[in-house]
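Values below: every heavy atom of this structure, side chains too, minus hydrogens, waters and symmetry copies. Each chain gets a letter, A, B and so on, in the order the sequences are listed, and its residues count up from 1.
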Amino acid sequence: MDKKSFKGYLYLLPSIIIMICFTLYPLVRAIIMSFLGNYSIINDGYTSIGFENYQALFSDPDFGKSLLNTAIYVICVVPASIILSLLFAVLINSCKKLKALFQTIYFLPYVTSVIAIGIVWRWMFNSNYGLINYVLSIFGIEPIQWLNLPEYAMPALIIFAIWKSMAFNILIFLAGLQTIPEDLYRAARIDSTPRFRVFTRITVPSLAPMIVYSSVIGMIGAFKVYNEVFSLFQGKAGPANSAMTIVYYIYDKFYNSYKYGVAAAGSVVLFLIILALTQIQLRVTGGRKGKN
Amino acid sequence: GQSSTQTPETTSDAQVTEATEVASDAATAADEAAATKSIEPTEITFWHYMTGNLEETLTALTDEFNSTNEYGITVTLVNQGYASDLQTKLQASAAADALPDLTQAYNNWLTPYLDKIVHLDDFVANDFDNWDDIVEAYRGECSEFGFVHAVPFNKSTYVLFYNKTLFDELGIEAPKTWADVEADAKIVKDAKGIAFIGYDDSTGAIEATLKQNGENFVDETGALFDTDGGREAFEYLSNLYSNGYARLVGEDGYFSNVISNQNIASYVGSSAGVSYITAEGWELGVAPLPGNKVNAANMAGTNIVMFSQDTNKQLAAWEYLKFLTSTESTSKWAVSTGYLPVRQSAYETAEYKAYMEENICAAACYEQSKDFFYSPTFDASNDIRNSVSPAFEQLVLDKADAQTWFDTILSTINAQY
Amino acid sequence: MKNNRKVVNIIAEVLKYVILVAGSVFTILPFIWMISSSLKTPAELVQVPPALFPEVPQWLNYKSAWEAAPFARYLVNTIIVTICTTAGVLVTTVLSAFAFSRLNFPGKKTVFSLFLATLMIPGEMLIITNYETIIKLKWIDSYRAMIVPWISSAFYIYLLTRFFMQVPESLYLAAKVDKCSDFKYMIKIMVPMNKQAIFSIAILNIISSWNAFLWPLLVTNSQEMRVLSNGLVRFQTEAGSSTELIMAASCILVMPIIIIYLFLRKYIIEGVTRSGLKG
Amino acid sequence: MDIRIENLTKTYGNLNAVDHMNLCIKDGELVGLLGPSGCGKSTTLFMLSGLTTPTEGKIYFGDKDVTSIPPEDREIGLVFQNYALYPHMTVEDNITFPLINRGMKKAQAREEAFEIAKVVKIDEYMKRRPSELSGGQQQRVAIARALVKKPQVLLLDEPLSNLDAKLRVATREEIRRIQQEVKITTIFVTHDQEEAMSISDRIAVMKTGVLQQYEVPQTMYLNPANSFVANFLGMPEINNIEIDVKDGVITANGIVLRKGVSLADGHYKAGIRPESFFVDDNGAILEVNNIRMTGRDLLIFTKLGNTNVRVLVHSYMQVAVGDKFGVSVRDGHILVFDDNEMLIGRF
Amino acid sequence: MDIRIENLTKTYGNLNAVDHMNLCIKDGELVGLLGPSGCGKSTTLFMLSGLTTPTEGKIYFGDKDVTSIPPEDREIGLVFQNYALYPHMTVEDNITFPLINRGMKKAQAREEAFEIAKVVKIDEYMKRRPSELSGGQQQRVAIARALVKKPQVLLLDEPLSNLDAKLRVATREEIRRIQQEVKITTIFVTHDQEEAMSISDRIAVMKTGVLQQYEVPQTMYLNPANSFVANFLGMPEINNIEIDVKDGVITANGIVLRKGVSLADGHYKAGIRPESFFVDDNGAILEVNNIRMTGRDLLIFTKLGNTNVRVLVHSYMQVAVGDKFGVSVRDGHILVFDDNEMLIGRF
Ligand SMILES: Nc1ncnc2c1ncn2[C@@H]1O[C@H](COP(=O)(O)OP(=O)(O)OP(=O)(O)O)[C@@H](O)[C@H]1O
Ligand SMILES: Nc1ncnc2c1ncn2[C@@H]1O[C@H](COP(=O)(O)OP(=O)(O)OP(=O)(O)O)[C@@H](O)[C@H]1O
Ligand SMILES: [Mg+2]
Ligand SMILES: [Mg+2]
């Protein structure tokens, strides 16, 4: 096999070229930027080299708040979304006749314009005539000021985000479900396996690669949450910035405050956090990866 | 951030030096223009974010210029999406050295690349029809970086929109002073249980309130309102909110939606937003902002900035700018878009007068045009805007007292330098 | 006891459909809302409480939306960009995923981690640098600029690698014995066996490139090069927006995707078989 | 549990994989299901297990019509032809899986799994994944998984095909033992007739979906219902010859095979098993064309007139190609068939 | 093409799946590879095919060291134990796949595929997917796929395990024919000794990764190198007994089995195949404990002293449980082993 050992790179070549030009190069530039004081992207000027940006970052209470919010967001959204998506994917997959219909319906949110989604969810969360408060009122719960009060901004965002990420996960899981050999289900039926156990012991382990994928990608995506905030709170970070997330912070620093260095430092911090967590995640889940 | 306070001066010094060099180039071009006035046919790109009716009007004006100018200048309009998209694209283009010849821009977009802007002082001095005719506040805004960096274009102001039907019913008039506001608000609150007033732009509200009390908000040295007048202003705001006379827009997004549904009696918003108010079953009234010691009203909207490096193009672009800011063009623009004319003389044209007759909003704007002020732009100004608004919201939600208002806003601002 | 089980099964079945239908309603609500809003008058849009359906459908909204911008031209551009990008993505993704899942080469793990790492930086940070690159390449205002940077995605590569790793090793071995080159194995075995996953990637990419907004706006300057999503902003200003027109335009924007989705889905799913492998 | 199959049919497209099958299996019996590849054996088992819905017909377990009862409620054990092990579980988990499904405690399940694993000799592999096992080891895991739950009905689809002869015998004996101990009604698909013969209470032979004969093994061997069964059973294969009967004398290509039979004169098809011949110097004299050693026997290829015939003799007989030797057919070992290939008599 | 295996070893963890194996196969020979389940047969084939890299040792095809040559360059045909058919391709595509990979025209490939499909009798299923075939049909597709390319080396891993006896014989004959026609060096893993015996030029027997004996079939059967081989070959299994030799007389539990042998006095292990006995009224008198019919033979369970012994007799012998009968052992059929279980003589 030795003589072919570099053949793999031939296959990777197109991707690698694109990646280097359009991801790695800007990434490296961003990392460098983060160490330059008062860097200006316009003329590449800077006044110092060092950790100034990082100091600025960590002394900014807004950044701390955005870190905390993002952490809460990730912890709530990723597992919930995966569990729900898995459930729905399996339910859809088990329908014989209406499968195609459900599959299409559950996919629709993914194609629907972000603006529409934002508007509808704002309506659903509306304190006076929103659907959610209406449902809650059936259970005798007082109307909640989802979008008006800081303490409900994150919960609202999280609910919205779980819903929004489900279409993607369902799509992936449905694709994954098709690769599970029918025989396993046959064997499970013969073994009189209760439905739930079929789910936990056959479906979930067989889908493990997709679940790992979804959780890794979901986590990366959740850490980078920005659009959801933007569309739910109409371009703001929630009442009194209560739903400020890291990328929102970075974006703001970059495009509105022109603090390129600080924004870059924020990105690097974010990058490192995600890197560390995905590594842990892959270690943990990779341990029980079985080959065919 | 505290740590970054030391260094910016060095950069801006450097920028100023460079900018001066560019300025001398421009001066030559302008001198030439005055002397010879020969311009080669050329194409000028103009980036904007105007859409719909605004874009149509702009296109019509530009077509007119393209077909009538004697030099064979063609101006190409390029729509660059939303204002924020244009901002991003300008920033990227500045970095890539690919700026357009002309663009719409807010002053606060420009700080990172001030040195790329063509200085227009000489053009204004040598080849402009009565610069003083331009509304004073606009002129000030267009030269706040120490040189004339832009000419005003789509300008608007903050006015008070109110539910005239409701006012009439309760027998109140549009408030002229803070005291009126408080009095009217009590009546409305007692009668209808709804808030009286709201502000689309909360930082702007603080700034205007201070101005109305004869105080200033901030400049590049820091907050300026640590005075008795300043405290009074916050007392006023604090009272409005804690008494429920004023409210936040919250989930409705824009007060135009709130007033459309008659959930508020009046609000302060941009005159450009009048078309988004749906007055069904009630009548809309527009009034100048109420004042206290003095009257003062925020203005809004962009100016046009020039980046062309080529002398000929600069001359050509200047021809276009002169055209756009002419009395005739600006009144045409104003009439069909609802923006404000940039020239005092435009208010006097028959065309615009007729327009004001039937357009209450324009009339209100005109009425307060002498009271316009603009927000100064400096390194921390964006951060101040961005951090004051959430702080404002938090204060409202906390029903904070005047002292807390004052302290919080002050410390929030000081943290940005 | 068995009867109990039967009852439980029936209840489970019913419950399943109840959940699915409830979920469906919840899921398509935005979609329905989008359509119904596109047919409302401005007054109906802000009405309290909101009505799910307009009293009189305002079909004119569509006309206005369509005429607000040269959408026909935008459509052509969008199609060109979407097709090229998606084709490119599929090619690079299949190639890379295959390399990562079946080939051995030094540094594989490192390269893979690097690919994954590129996903972890917020894209907002990269845009300006990439714009500069496009300017330096003199690609501004061209299809290339809109396509090339997007024809490779670590996101999809990672996904497909996962799927490829699911294919039993024994098929790879069988193919090798059958004198099948790696490349051919990829084309003839891996790709057809993972049709469903590749379809998913295609559809995900079609959607994202169809909806791409900021990048096309940045790298183009002329109306002739703009794409559909750029047309959507025409109904919004700083001071407010014409929601009904935005919604109409959004519908115009997503309809082709839904049609493509339904079409591709039918075509591709039909070909999918479960593997009847021993062991 | 008795099993009764009535008119069972499964159609794929226009192919009847199983064609109006009727069968009764008594409680605790072990039935060997035999037939050529593709004759519908697996399909029959799949229908019995409930995994495949019959196109037509009914299945009764005891008195109960189970035709529309799902597999999980049928209390069956099934060894799949392709094993269908759970690839992500260890051998132990694979085996304990059905037990834990029935709510057995983990510890006890593990114990039982270990017991059964010892029976099929895979106890040392309990912690491995199926992919780390050899083919035969996987198959044994599949057997263990089916046996461990001591089902009411056990369906085995070629469960021993990948085992070596010794293990095969040992395993089938164990299956037989457990089956008899627990009285599990069992259907055992195999392509190995010797296997079927040696452990089955009864044998069912199928051909292209149609049940040909259902009998006690020895009877079926000696008394096949038709030419197909005669041909199918027995290895080396039966010799198919054409015979003429005249005045009670059976001749094949003019060579006399038997005298004094009571059969109408005429031309018939007949079958004689290779081992039905015995060396007899007074018999027909044939020439050795070829010899093949098959373990303990010698298979002699020769010609009866111009019909090729295989004769089986003990391997200690010393013969060489070209030698002549005399043979006769044992009494009652000439199977005579009618035009429809049905057996009409043994002479 | 000659195949030479030198010191071939494959280690999984601390298990030697194949252990320092040495083997030479002559060009065009067919070697049967036998051994208990899990002894390393598949592993050996995988190493020969290049799909598994040996931990140690070398493989030569002809004079060429192919140890590190990838499978696609080895010109081999391989039938996998689990078939490994391409599930998304029709039978036809599966079979033509290797041909088209070598650049053959589609039309011609199809023709050749059809030819070979006819040989293994799957020509009517050409348009089906593997999942629509029975187990045996799938296996035949796998055989067709390996044969169709007429490889230089053919490796078959239990290729007939799911076929019924008749088809099995027919198919193996066809494999043998093609193999001899094209002179393909072939290794044939099977658990069926009769099969191995009947078509192999030589047989290799393995045990837990170690090659035990490599010999011509008949020789191996009659002259096993050790007790393991003796036990492994032959069905029903050989009888393992303990014998005492005193003054040239072999006794087992006091019963005289042979006289006048030249073997040192002592206690030995010995093996006697069930069919090595013959009915001899002058021989030892034994009692029938049990009888089992195995097709054409009767297997009698009896006791030689207190050692259980199986004796095979022709099925026409009339015996019943409890009957007594006399047997002797054929000359040279008592296999005597030393303490290391190696054969020391046949008496
Ligand atoms: N991937 C693996 N990891 C660990 N052990 C393995 C692996 N593959 C095979 N083995 C072990 O190696 C030994 C030899 O396996 P191999 O598949 O060669 O046996 P085999 O002779 O083909 O058996 P069978 O007749 O059952 O197919 C077995 O004990 C098996 O458990
Ligand atoms: N899903 C299917 N679609 C079409 N035909 C099928 C399908 N499954 C099986 N068949 C056909 O039905 C017939 C019976 O198949 P079955 O699997 O029952 O055979 P079998 O007796 O088990 O054979 P084997 O001994 O080879 O396993 C075969 O001819 C097969 O090709
Ligand atoms: Mg079968
Ligand atoms: Mg094997």
**Prompt:** Any salt bridge between A:K259 and B:D383, counting N to O under 4.0 Å?
**Reply:** yes
Of the listed B:A96, B:G253, B:S84, B:A391, the one with the largest count of heavy-atom pairs under 4.5 Å with chain A is B:G253
Heaviest contributor of heavy-atom pairs below 4.5 Å to chain A, chosen from B:A92, B:A380, B:A94, B:S381, is B:A94
Separation between [atom1] of [X] and [atom2] of [Y], rounded to the nearest 0.5 Å:
X      : Y      : atom1 : atom2 : result
B:L397 : A:E151 : CG    : CD    : 8.0 Å
A:D62  : B:S387 : CG    : OG    : 7.5 Å
A:S242 : B:E393 : OG    : CD    : 8.0 Å

How far apart are the closest heavy atoms of [X] and [Y], and which atoms are they?
X      : Y      : value
A:P150 : B:Q394 : CG-OE1, 4.0 Å
A:Y260 : B:Q91  : OH-NE2, 2.6 Å
A:S40  : B:P112 : OG-O, 4.5 Å

Need one label for [X]: side chain, backbone, both or neither, based on atoms under 4.5 Å from any heavy atom in chain B.
X      : value
A:D252 : side chain
A:Y251 : side chain
A:F233 : neither
A:S127 : both

Whatever's closer than 4.5 Å to a heavy atom in chain A on B:Q87 counts as side chain
Margin query: At a 4.5 Å cut-off on heavy atoms, which part of B:D97 comes close to chain A: side chain, backbone, both, or neither?
Written below: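 Interface part for B:D97: neither.
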Among A:V262, A:L147, A:N126, the residue with the most heavy-atom pairs under 4.5 Å to chain B is A:N126
Taking everything shown except [X] itself, do over 12 heavy atoms lie less than 6.0 Å from its [atom1]?
X      : atom1 : answer
A:F35  : CZ    : yes
A:Y54  : OH    : yes
B:Y245 : OH    : yes

Show your reasoning for whether side chain to side chain contact (heavy atoms under 4.5 Å, CB included) applies to B:R385 and A:N256. CA-CA 10 Å; B:R385 285 199 79 75; A:N256 293 326; over 6 Å; no
**Message:** Whether the side chain of A:Y258 engages the backbone of B:W109 through a donor-acceptor N/O pair (distance < 3.5 Å, no angle test) should be reported.
**Reply:**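 Confirmed, A:Y258 side chain pairs with B:W109 backbone.
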Has A:N148 got a side-chain atom pairing as donor or acceptor with B:E251's backbone, closer than 3.5 angstrom?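 Answer holds: yes.
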